[in-house]
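Positions are given from 1, in the same order as the sequence printed here.
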Amino acid sequence: MTDEQQVSARPWSARRPQNFILSGILIVLGIALAWQGLAYVRDGVGGVIPYFIMILGPALAGYYTWYFVIRDFEAEA
């Protein structure tokens with residue numbers, strides 16, 4: 001393969017600018033999930049599920065923000 005035909009190890013979702021857009025969407029979604037979980041806890045609805053929502057929603061948003069923006073795909077290739 002020539003230099004012009006090399007395939008990037010970075011997936012489409014982790015390339016700029018879509019990595020920032022997807023990370024922003026996921027951060028907003030993580031905040032919304034935590035907010036909704038708090039609303040369920042205040043209302044006394046849902047048992048243990050709202051606590052999972054409050055913990056796992058922002059945790060997943062943080063993980064995917066790391067995956068899209070910080071992770072170095074070229075180091076693994």
Side-chain angles (χ1 to χ4, degrees):
M1 240 192 256
T2 64
D3 290 333
E4 297 171 7
Q5 295 174 340
Q6 286 183 345
V7 178
S8 175
R10 186 176 282 281
W12 176 87
S13 60
R15 294 181 189 151
R16 286 182 168 71
Q18 51 267 31
N19 66 344
F20 295 120
I21 294 169
L22 291 172
S23 293
I25 290 169
L26 287 169
I27 289 170
V28 168
L29 183 62
I31 292 169
L33 285 171
W35 190 272
Q36 187 63 46
L38 284 171
Y40 283 148
V41 169
R42 270 186 269 138
D43 294 341
V45 177
V48 72
I49 300 301
Y51 295 101
F52 287 143
I53 291 172
M54 289 185 331
I55 294 169
L56 295 177
L60 283 173
Y63 170 77
Y64 281 111
T65 298
W66 167 81
Y67 180 82
F68 291 139
V69 178
I70 300 170
R71 183 177 176 198
D72 187 13
F73 291 95
E74 285 78 21
E76 296 173 6

Can you give the donor-acceptor pairs under 3.5 Å from side chains of residues 21-38 to other protein atoms, not counting sequence neighbours?
{"residue": "S23", "atom": "OG", "partner": "N19", "partner atom": "O", "Å": "2.8"}

Does Y67 reach the side chain of F73, with side-chain heavy atoms less than 4.5 Å apart? yes

Evaluate whether atom OH of Y64 has more than 12 neighbouring non-hydrogen atoms of other residues, nucleotides or ligands under 6.0 angstrom away. no

For the CH2 atom of W12 and the CD atom of Q18, what is their distance to the nearest 0.5 Å? 4.5 Å

Are any side-chain N or O atoms of R10 and backbone N or O atoms of E74, one a donor and one an acceptor, separated by less than 3.5 Å? no

When the side chains of residues 39-59 are checked against the rest of the protein, which donor-acceptor pairs come out under 3.5 Å, sequence neighbours left out?
none

